[in-house]
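Have a look at the structure below, then the notes.
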Protein chains: 2
Amino acid sequence: MKRILIADDHAIVRRGLRLLLLEEYPSAEIGEASDAETLINKIIQHEWDVVICDISMPGRSGLDALSQIKQMAPKLPVLIMSMYPEDQYALRVLKAGAAGYLGKETIHDDIIKAIHTVELGKKFITPTIAEKLAKAFEEDQSDQLHEKLSDREFDVFKMLASGKAVSEIANQFALSVTTVSTYRSRVLEKMGMKSNADLTRYALEKKLI
Amino acid sequence: MKRILIADDHAIVRRGLRLLLLEEYPSAEIGEASDAETLINKIIQHEWDVVICDISMPGRSGLDALSQIKQMAPKLPVLIMSMYPEDQYALRVLKAGAAGYLGKETIHDDIIKAIHTVELGKKFITPTIAEKLAKAFEEDQSDQLHEKLSDREFDVFKMLASGKAVSEIANQFALSVTTVSTYRSRVLEKMGMKSNADLTRYALEKKLI
DNA sequence: AGAAACTGTAGTAAAAAAACTACAAGATCA
DNA sequence: TGATCTTGTAGTTTTTTTACTACAGTTTCT
């Protein structure tokens, strides 16, 4: 009698997933949430065995929700789904505590396998991701976040970290404000951070400024 | 043959000051600037003995200009004028390197006296300010900037320093965004800082977060 | 007691930033 | 050698932030 909670903003996806799961576990209890808030509430109100959560719900909230869940219920396994291929974001998601990453190539069997795996408290790692993990580990990527930045991104990063406004930076580099803004987004994305203050903290810690 | 540079955005004030100065120094060379940029340019182009600068030129630029001047020409004495009474901001101005603070009660004689004083490389301090200085010193105010904040301001300060957005804070305290924004302005003003990154740095240094 | 300053609060309007989107050229991986 | 990623760049639209301003209680000097 599994209790599985699905979070995705597309009703179609939820429906598909539900059918797929019921096929395997006919008597399972399936919950649905269409946004991060509902997801959190359902987790508070009820116990679940596994959560399957799309990362790109409205408002970038997949990762946010994940960290919130990890605080509230550290043991509840959360499988993160994504429409993106198994790129570097998979690592970030795992770092944030996900029990597994289901990329866009994921097929039926993978999902069932993933559920079995994470229920045992283990992580579901596809071979592709395993390799990335190994590489990341070797490069100690997690400790040198900023090395993943391109030159331009790094410039922008340093200036943001020291408190410069996007417009100031644009001015100084003679770029459009939106360009600098895009760099900022990428920097935050790549470094898995969400505010300039995080950048400042990081830079201070690493003595980059 | 004194060379005095006046910076104020009101033509009337510049004119009045010019006449007043010429009365005392008939052969003085008087320069005028109506905004911070012009002020900086005139300082680059020409040597001056004293600068008299209003603190509230368009865009909060009085203090900014002062620190820029202090970097370019550390020895050039800058007298800061202000329409505000000699309150706590006088201290901030002095801390930023001004040679003296001329408040709204300043009279003719004070200005002349101030010029004489600062030309000798000394600071022009009125008794009122001297007292404030002493008190500030005693309280080591300069090292405990955050103690000047009110409770609400301090709350907001901490949250800003840890990277919360104004809107998040407003939400959490159930206040209007503009209210929180006002607190932010006051915090920045009181602490003599200009960006959230400064707050973060300060808070980290003092281990407040 | 009275003036001046400080605090908590918010509206309006203007400015800035963020999210999204797009695209071409170069890098890379399979 | 294609397919996929990354990088540099920017426009549009939506959301946030900021600058000003205001105002009524409190507190604080004189």
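A note on names: the letters A, B, ... follow the listed sequences, proteins ahead of strands, and every chain is numbered from 1. Computed from a predicted model, the values in this text were never measured in an experiment.
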Are there more than 12 heavy atoms of other residues, nucleotides or ligands under 6.0 Å from atom CD1 of B/Ile12? no

Does atom CD of A/Glu37 have more than 12 heavy-atom neighbours, drawn from other residues, nucleotides or ligands, at distances under 6.0 Å? no

Please name the pair of heavy atoms, one in A/Thr200 and one in A/Leu160, separated by the smallest distance, quoted to 0.1 Å. OG1-O, 4.3 Å

Where do B/Asp8 and B/Arg14 come nearest, in terms of heavy atoms and distance? O-NH1, 2.7 Å

Rounded to whole angstrom units, what separation is found between the [atom1] atom of [X] and the [atom2] atom of [N]?
X        : N      : atom1 : atom2 : value
A/Phe154 : D/dG8  : CZ    : P     : 13 Å
A/Lys194 : C/dA17 : NZ    : P     : 20 Å
A/Ile169 : D/dG8  : CD1   : P     : 15 Å
A/Leu175 : D/dG11 : CG    : P     : 11 Å
B/Phe157 : C/dT7  : CZ    : C1'   : 18 Å
A/Asp151 : C/dG26 : CG    : P     : 16 Å
A/Glu153 : D/dT6  : CD    : C1'   : 9 Å
B/Arg186 : C/dG8  : CZ    : P     : 8 Å

Residue whose closest nucleotide on DNA chain C lies nearer the 5' end, B/Ser176 versus A/Glu168: B/Ser176

Map A/Thr182 and A/Ala165 onto DNA chain C by nearest heavy atom, then report which one ends up closer to the 5' terminus. A/Ala165

Of B/Glu119, B/His116, B/Lys113, which meets side-chain contact (heavy atoms from CB on, under 4.5 Å) against B/Phe124? B/Lys113

Ignoring backbone atoms, test whether [X] places a side-chain nitrogen or oxygen under 4.0 Å from the OP1 or OP2 oxygen of [N].
X        : N      : value
A/Ser181 : D/dA10 : no
B/Ser150 : C/dG8  : yes
B/Thr178 : C/dT9  : no
B/Arg184 : D/dT18 : yes
B/Tyr183 : C/dT7  : no
A/Lys164 : C/dA17 : no

Choosing from D/dT18, C/dG8, C/dA10, which nucleotide comes nearest the side chain of B/Val166? D/dT18

Across the strands shown, which category fits A/Thr179 at heavy-atom distances under 4.0 angstrom: base, sugar-phosphate, nothing? base

